[in-house]
Amino acid sequence: MVEINTERLILRDWQESDLPIWAAMNADPEVREHLGRLLTAQEAADSMRRFQEDLDRNGFGFWAVQVRSTGEFVGFTGLDRVDEGLPFDGVEIGWRLARPGWGHGYETEAARAALAYGFGPVDLPEILAVTATTNLRSQAVMRRLGMTTDPAEDFDDPEPDSPQLRRQVLYRKRRD
Ligand SMILES: CC(C)(COP(=O)(O)OP(=O)(O)OC[C@H]1O[C@@H](n2cnc3c(N)ncnc32)[C@H](O)[C@@H]1OP(=O)(O)O)[C@@H](O)C(=O)NCCC(=O)NCCS
C-alpha cells in the first residue's frame with residue numbers, strides 16, 4: 001500500500017466512504033465538461049474499484065486525494081498506462097477534483113507528488129498528460145508542473161463523447 005503525503009494532502013487507497021462524493025462529482029456537468037458524458041452511480045462505483053485494482057496490481061495508479069486538515073475526500077490524482085490505439089505510448093498523469101476542491105492549488109500539489117513518485121520509485125524516464133484542447137484549467141496545471149506541448153503532436157480522440165472533445169493535446173515531461 002502506497003501512501004503519499006504532501007503539505008496539505010494525502011494520496012491514498014480508495015475507501016468505500018469516498019463513493020458518495022466520487023459518484024456526485026462524476027454526475028456534475030462542470031466537472032465532466034471536458035471529459036465527456038456524466039457517469040451513472042454504478043459506473044462511478046465500477047471505476048473506483050478498477051482504480052484500486054490497478055493500485056494493488058502495479059503499485060501506482062489513480063490514488064484518492066484527501067485534504068489532511070479536514071479529512072475531506074476531493075478526487076483523484078495519479079499515473080496510468082496510456083490507452084491503446086493512441087499515437088503514443090507510455091505512462092500519463094491524470095487528475096479529477098470535485099468542484100469544491102478547485103482553486104486551492106491542490107491539484108498542482110498532488111500532481112507534483114505523483115510525478116516525483118513516477119520519476120522516483122517507478123523509475124519512469126518520461127511522463128505524459130493528455131486533455132481536450134478546450135480544457136484550459138487542466139493545461140494550466142500541466143504547465144505549472146513544467147510539462148511542455150508541441151502542437152504537431154495534437155491528435156484526435158478516436159471515440160469522443162462529443163465533437164467538441166475530439167481534438168486533444170499531449171504534454172510531456174522528462175525526468176530531470
Ligand atoms: C483540472 C483541475 C484539477 C484543475 O483544478 P485547479 O483548481 O484549477 O488547479 P490547482 O488545484 O492547481 O489550483 C490552481 C488555482 O488555485 C489557486 N490557489 C489558491 N490557493 C493556492 C495555494 N495555496 N497554492 C497554489 N494555488 C492556489 C491558484 O491561484 C489557481 O487559481 P486560478 O485558477 O484562478 O489561476 C480541475 O479543474 C478539475 O478537476 N477539472 C475537472 C476534471 C478534469 O478536467 N480533469 C482533467 C482531465 S485531463
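Each ligand, and each atom within it, is numbered from 1 in the order the structure gives. Values below: every heavy atom of this structure, side chains too, minus hydrogens, waters and symmetry copies. Not measured: the values here are computed from a predicted model.
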Nearest-contact summary for [atom] - protein heavy atom, Å:
atom                    : answer
atom 18 (N) of ligand 1 : Gly103 O, 3.4 Å
atom 9 (O) of ligand 1  : Arg144 NH2, 3.4 Å
atom 12 (O) of ligand 1 : Thr108 OG1, 2.5 Å
atom 22 (C) of ligand 1 : His104 O, 3.3 Å

[X] with [Y]: basic N within carboxylate O range, under 4.0 Å:
X      : Y      : value
Glu43  : Arg37  : yes
Asp18  : Arg12  : yes
Glu153 : Arg172 : yes

Quiz item: Would Phe60 and Tyr117 count as a close aromatic pair, with their ring centres under 6.0 Å?
Solution: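 Not under 6.0 Å, so no.
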* Using heavy atoms and a threshold below 4.0 Å, how should the contact between Val130 and ligand 1 be classified: side chain, backbone, both, or neither? ->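 Contact part for Val130 vs ligand 1: backbone (N, CA, C, O).
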Under 3.5 Å, is there a donor-acceptor pair between the Gln52 and Asp56 side chains?
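Distance-only check passes for Gln52 and Asp56.
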For ligand 1, find out whether one of its N or O atoms is nearer than 3.5 Å to an N or O atom of [X].
X      : answer
Leu35  : no
Arg96  : no
Thr131 : no
Tyr106 : yes

| said: Using a 4.0 Å cut-off to any heavy atom of Asn135, which atoms of ligand 1 qualify? | reply: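 Near Asn135, the atoms of ligand 1 are 43 (C), 44 (O), 46 (C), 47 (C).
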### Task
Using heavy-atom distances, let me know which of Ala110, Ser138, Gly105 sits nearest atom 25 (C) of ligand 1.
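Result: the heavy atom closest to atom 25 (C) of ligand 1 is in Gly105.
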Does the protein place a non-hydrogen atom closer than 4.0 angstrom to atom 35 (O) of ligand 1?
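It does not: no protein heavy atom is found less than 4.0 Å away from atom 35 (O) of ligand 1.
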Exercise. Does at least one non-hydrogen atom of Arg8 fall below 4.0 angstrom from an atom of ligand 1?
Worked result: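 Within the 4.0 Å threshold, so yes.
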